Amino acid sequence: MSDLTLKIGRLVLANPVTVASGTFGYAEEFADFIDLNQLGGIITKTVTLEPRPGNPPPRIAETSGGMLNSIGLPNVGVQKFITDKMPFLRTLTTKIIVNVAGKSAEDYPEIIRILDAVEGIDAYELNYSCPNVKEGGLSFSANAHVAESVTKSVRAVTNRPIIAKLTPNVTAIGEIGLAVEQGGADAVSAVNTFVGMAIDIPSRRPKIAMVTAGYSGPAIKPLALAKVYELYKKIHIPIIGIGGICDTNDAIEFLIAGAAAIQVGTANFWDPCISIKIVEGLQTWCRQNHIQKITELTGSLKIK
Amino acid sequence: MSDLTLKIGRLVLANPVTVASGTFGYAEEFADFIDLNQLGGIITKTVTLEPRPGNPPPRIAETSGGMLNSIGLPNVGVQKFITDKMPFLRTLTTKIIVNVAGKSAEDYPEIIRILDAVEGIDAYELNYSCPNVKEGGLSFSANAHVAESVTKSVRAVTNRPIIAKLTPNVTAIGEIGLAVEQGGADAVSAVNTFVGMAIDIPSRRPKIAMVTAGYSGPAIKPLALAKVYELYKKIHIPIIGIGGICDTNDAIEFLIAGAAAIQVGTANFWDPCISIKIVEGLQTWCRQNHIQKITELTGSLKIK
Amino acid sequence: MKTLKKAVVVPVLANVQVTHDTWHITLEDKQIAHDSCGGQFVNVFVPQNNGVLWRRPFGIHTTDPDKGVFTLLYKQIGRGTTALTTVKAGEALDILGPLGNCFTHTSDLKEAIIVAGGIGIAPFPLFIQHLVQHSVKISVFYGARSKIDFCCLDFFRQTGVNLHLATEDGSSGHKGFITAPLLAYLQTLPDKPGARIYVCGPTPMLAKMKELCRDTGVPAEVSVETMMGCGFGACMGCPVPLENPASDGRLYALACKDGPVFNLEEIRFDE
Amino acid sequence: MKTLKKAVVVPVLANVQVTHDTWHITLEDKQIAHDSCGGQFVNVFVPQNNGVLWRRPFGIHTTDPDKGVFTLLYKQIGRGTTALTTVKAGEALDILGPLGNCFTHTSDLKEAIIVAGGIGIAPFPLFIQHLVQHSVKISVFYGARSKIDFCCLDFFRQTGVNLHLATEDGSSGHKGFITAPLLAYLQTLPDKPGARIYVCGPTPMLAKMKELCRDTGVPAEVSVETMMGCGFGACMGCPVPLENPASDGRLYALACKDGPVFNLEEIRFDE
Ligand SMILES: Cc1cc2nc3c(=O)[nH]c(=O)nc-3n(C[C@H](O)[C@H](O)[C@H](O)COP(=O)(O)OP(=O)(O)OC[C@H]3O[C@@H](n4cnc5c(N)ncnc54)[C@H](O)[C@@H]3O)c2cc1C
Ligand SMILES: Cc1cc2nc3c(=O)[nH]c(=O)nc-3n(C[C@H](O)[C@H](O)[C@H](O)COP(=O)(O)OP(=O)(O)OC[C@H]3O[C@@H](n4cnc5c(N)ncnc54)[C@H](O)[C@@H]3O)c2cc1C
Ligand SMILES: Cc1cc2nc3c(=O)[nH]c(=O)nc-3n(C[C@H](O)[C@H](O)[C@H](O)COP(=O)(O)O)c2cc1C
Ligand SMILES: Cc1cc2nc3c(=O)[nH]c(=O)nc-3n(C[C@H](O)[C@H](O)[C@H](O)COP(=O)(O)O)c2cc1C
Ligand code: FES
Ligand code: FES
């Protein structure tokens, strides 16, 4: 057995395979399919301060090799999350990472303060891809200063590990990564969805009610991998790689490019067992390739 | 017969279908396959001031639904372009748009000055995606000021239409579009390739010698469409849409999103006749849908 | 790879074309054959994925718990269903299920009025199998574009249901939409309080049904169709707008988890 | 849709498996059967594109100009070639060709020494058909992993070529690489100036051949394999590093346009 454990700051994961926010519900949805405790960690659907209804339909569209979504972060709000969702999550032995988002910069420390009083949360992932309403709707990680200051404000209110989840829709993601590192993040996760769009020709309407949407799935893998590599060259904190990971090989590519762990997103939808298959696939691959510790792989890209 | 003609500034194209730089050689490569004069226009492989050998292999890799390339702009240099390539291009009746790139901002007006003395060129496309060596390798359209000033410097030396070709790898492509409009561009073309990467697991080497590469093909279509739409909302000059266009429907989607014309890129590689098939497909579709003038389509997206 | 219940690879026993565009596939799985109720669906992984990312949902059409088999009735409309037609007996399908909720059968039900448009007929035979066992009176109002589109007519005749047909082209039954003979029937219905309508069909028909039920005062349940990214509540891609915000403030229900069966008066179709 | 020459949809006459991993496909096209010379290739659009974007290049294996047919010999290695094995007689393939250049046969050629590794044998029968007509002496050095990998041995025997085999596992012919018997042969070759080597095989073999030709002074031509985005000079994705910059300053040739046949001494394999 190879050693698949790794550390994200002080957070120890049993293996590098976690599941991406918004693609795994609050884990209960997957209990019929897999043994949740075999995962390295579970990242919850985004939680916000107030309940949100989500966007009108159509919210999703299938494109060749990818999908578009504009779900609109529907969720019951942080209070009901604590009373309705945390009890189940607390029954699990895998790491629980709660993903949070704010409408304004102030929302982040406020929601984290509330969650910090709750047991059974191992870390936070800060969803920085949602629109910063006060700043004209640009996402929180579109701007290095904003990303740094929000991270700082969260750092000030919690000792739990914080993971900043970055949008890829920027000119230089490395700068944003540096900023959140500066702000005190323990790790970054990269990437959230890319901005995409599709049109229904007969009606001339966008295929998603909100017009533009987030693009995910196999089609974005090469893009996400390049973002992870860009971050790896620039920053010093661990990177959790996300984007189009559909099988063990995809996961290994992200590790080689510089990720310490990975998240499986869209692939959960067509194969709810895929995350566990990847855990098993990594174990097999490491054994066959005489990898003692999975951490050897991270950033092992060979360049002439 | 529907009227497929359109104008890009003063440039009149017989139809909206042109072919993307670097995917169509200098047109001669396609003379065995199609009647070149049925195209709306031909955009040449990028020409630079000095000859360039191009990058070492591997230069290309296939991914699911897309491809990666780092060709490195190999070309014979502007002088040999004029003597070796222009004579054939001048025999064509379709519009000839010469794509140019520089290593530094000064290269652009210099090469345009040289080309302006040459007959048979209908417009220039300025490839702003290549690294600006003096500015630390960021592309010329990663920064609005740089993009504007380079465009101005070109505007100062030519009366021919200039089309600024934008990189999508930016936070806000609309701002860059506005900047080149300000600089005097007659149109923008959007988009060039996205930064992507792939790794060969057994060797742990990047699949492309230059490590990161440009991602193109069907996988980028939703992303490119969103960029065109973002530009359409922001700028006033025409947009030429590019990115993953593989058939007539793809072309129509770009027109509805705001493009006045389109470029077929990667699809030329697997079907060298595809550009002409799209010209014919547009004609059929317009007839069936009672579209008198193709220009009606541009920006006709319906939003509630 | 051990997986828990609900994700199964099941043998295909038959896959036969039953109309010009509709197919009937027979699958073997004891648990699904035993546990499913009318209205529930399975989500099918489509072999050869030419860019097809999501599974495709299909209502459970019939079950034979003794033999441990169940069937689906599907219409070939796009990439996924076309790929499905190429699956052969002896192969296997990767499916999730049973998913979703069921048409309800309360003890006060005297007459079930089933209203189906086109392929919307698919989920009803299983429900009818159940109702027959409980001796509920069954009327089926079934509309299609043309005579050649009807499926399962033999099944309805054998079951002895009260069958009403309509076709848009008049090739069989009433000429026009099925809602016309339905309205006539409801207006003369002696025992309205014991009747309940069950609907599945295209969205314009559902909107029309809503009006009709409001006017006649007969309650209805509807099985809705939406795009489904996952089928089990994970993607939140299948919202169904609610007429009134739910008690917890929600504006939308999820078709796959809270449905696919809803009370017709609770949901909206105008978006 | 009128297309000019070189982009054609051709009938498949046969597609048969000839070894555990290699297939032989027969296609009908008068022009290709008539115009092609050994070394040229066709670029095949692969049916059912599971994310396969590019065509797949294959050397023209044999031609029968009288019947207007030609054949390809291909090894199943990945997605594209696997899809190709499912193509049946009676179907059609969308191909571009003939593309690229040919092995050269100058009038002073007395002996053609053909060196093939594995599927590198594919382009030679066509060239041999041509050489036989011109009564050139032909020696074939053909290496494979094992006996079961050899193709076309009957063809070579019928043609009366001087055939040398080697297998890595020693199951047939010399045990080891084919370059060993080749070297022995070259060292005792009486008429070196009239001899020319023609090579096709895996890159390590080509690098080895380069050394061997330098040492023995026998000139060689090589058919190279690179990734090909287009096959007709448009993508510039198939560079072959040159030993010395060309007269026009180029550091690379293009495999599809300037090749696939090159003088072995002109190209580099170290990258
Ligand atoms: C709960 C549920 C039960 C269903 N039961 C059955 C059944 O028993 N028999 C049956 O034949 N069909 C049923 N359907 C519909 C079936 O799932 C779709 O016809 C199928 O997914 C189409 O797949 P495709 O790849 O062939 O079409 P695609 O190529 O994906 O689509 C073709 C066209 O149809 C549209 N479309 C596809 N699926 C849907 C959808 N679900 N809602 C709205 N528009 C859509 C697409 O936008 C596109 O325009 C059911 C759907 C749901 C949600
Ligand atoms: C001019 C030319 C002539 C050829 N003639 C023949 C022939 O006659 N018979 C024959 O069997 N094959 C021939 N080949 C090789 C053939 O084109 C490849 O085997 C085929 O494209 C593989 O397709 P695939 O989709 O099955 O493999 P893929 O799934 O694309 O690839 C499988 C693996 O092989 C590697 N690979 C694929 N193609 C190439 C390549 N061209 N160069 C280097 N690595 C590659 C990939 O990187 C991958 O690792 C020729 C190639 C060229 C360039
Ligand atoms: C339907 C859907 C909903 C998502 N919801 C969230 C969310 O609530 N919060 C978040 O941080 N990311 C969300 N994401 C982004 C994913 O977590 C992930 O970053 C992205 O999909 C890229 O990974 P993938 O290609 O593996 O899906 C969502 C993605 C999808 C497809
Ligand atoms: C192999 C290859 C070479 C390219 N070379 C150039 C080039 O020389 N100049 C340029 O402006 N764009 C170049 N491009 C970008 C294309 O013109 C186009 O913008 C991009 O590929 C997106 O369109 P597509 O998805 O249709 O290919 C190249 C693209 C490819 C795939
Ligand atoms: S289909 Fe995914 S939540 Fe309903
Ligand atoms: S394969 Fe495209 S240029 Fe050679």
Side-chain angles (χ1 to χ4, degrees), chain A residues 19 22-36 38 45 50-77 80 84 207-209 216-219 246 265-274 276-277 280-281, chain C residues 1-9 31 43-46 49-57 78-80 94-99 203 224-242 245-257 267-271:
Chain A
V19 287
T23 68
F24 208 75
Y26 301 96
E28 264 178 302
E29 291 81 352
F30 286 77
D32 279 343
F33 301 114
I34 55 171
D35 175 1
L36 295 163
Q38 287 182 31
K45 172 88 192 147
E50 303 296 330
R52 291 170 57 103
N55 292 333
R59 289 181 178 173
I60 56 175
E62 202 182 34
T63 69
S64 88
M67 69 173 274
L68 293 166
N69 89 79
S70 180
I71 306 291
L73 303 182
N75 77 98
V76 293
K80 287 203 85 179
D84 295 5
K207 286 198 178 169
I208 300 288
S216 65
C246 301
T266 301
N268 290 309
F269 297 155
W270 72 79
D271 184 358
C273 310
I274 187 65
I276 297 302
K277 289 180 189 164
E280 293 170 359
Chain C
M1 172 63 215
K2 184 194 67 176
T3 59
L4 307 191
K5 58 182 169 127
K6 279 208 170 172
V8 281
V9 176
Q31 202 182 335
N43 214 358
V44 179
F45 186 86
V46 177
N49 62 336
N50 309 317
V52 171
L53 221 61
W54 301 332
R55 288 169 183 265
R56 299 298 195 248
R79 292 176 302 174
D94 173 345
I95 66 169
L96 309 179
L99 302 170
T203 306
V224 302
E225 265 192 29
T226 66
M227 293 293 200
M228 286 195 175
C230 67
F232 51 91
C235 74
M236 301 198 165
C238 59
V240 179
L242 298 172
S247 55
D248 60 0
R250 289 193 305 162
L251 304 183
Y252 303 99
L254 291 182
C256 70
K257 220 174 79 166
I267 60 176
R268 274 192 300 135
F269 297 105
D270 45 36
E271 285 187 86

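Nothing here was measured: the structure is a model prediction, and the numbers come from that model. Chain letters run A, B, ... following the sequence lines, proteins first and then strands; every chain starts at 1.
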Query raised in the report: In Å, rounded to the nearest 0.5 Å, how long is the span from SG of C:C230 to CG of A:D271?
Result: 12.5 Å
Requested in this report: Would you mind telling me which of A:C246, A:A61, A:A209 has the largest number of heavy-atom pairs within less than 4.5 Å of chain C?
Outcome: A:A61
Report task. Compare all side-chain heavy atoms of C:L96 with those of A:F33 and state whether any distance is below 4.5 angstrom. Result -> yes
Requested in this report: Determine the minimum heavy-atom distance between C:W54 and A:M67, stating which atoms define it.
Outcome: NE1-SD, 3.4 Å
Report task. Any chance you could measure C:F45, atom CZ, to A:W270, atom CH2, to the nearest 0.5 Å? Result -> 8.0 Å
**Report entry** Atom group of A:A219 that falls short of 4.5 Å from chain C, counting heavy atoms
**Finding:** neither
Report summary line: To the nearest 0.5 Å, atom OG1 of C:T226 lies from atom CD1 of A:I60 at 7.0 Å
Report summary line: Ranked by heavy-atom pairs below 4.5 Å to chain C, first place among A:P272, A:P74, A:G22, A:G217 goes to A:P272
Query raised in the report: Is there a side-chain contact between C:M227 and A:P58 (heavy atoms, below 4.5 Å)?
Result: no
**Report entry** Distance (rounded to the nearest 0.5 Å) between A:N268 CG and C:C235 SG
**Finding:** 11.0 Å
Report summary line: Heavy-atom closest pair (C:A234 atom, A:F30 atom, distance to 0.1 Å) is CB-CE1, 3.6 Å
Query raised in the report: Looking at C:G237, C:G233, C:G231, which one has more heavy-atom pairs under 4.5 Å with chain A than the rest?
Result: C:G237
Report task. First locate atom CG of A:N55, then atom CE of C:M236, and finally report the distance between them rounded to the nearest 0.5 Å. Result -> 12.5 Å
Query - Closest heavy-atom pair and its distance - C:Y252, A:G54 - result: CE1-O, 3.5 Å
Query raised in the report: So do the side chains of A:E62 and C:R79 get within less than 4.5 Å of each other, counting heavy atoms only?
Result: yes
**Report entry** Leading residue by heavy atom contact count with chain C [cutoff under 4.5 Å; candidates A:G25, A:G66, A:A267, A:P218]
**Finding:** A:G66
**Report entry** Engaged part of A:S70 at the chain C interface, taking heavy atoms whose separation is under 4.5 Å
**Finding:** neither
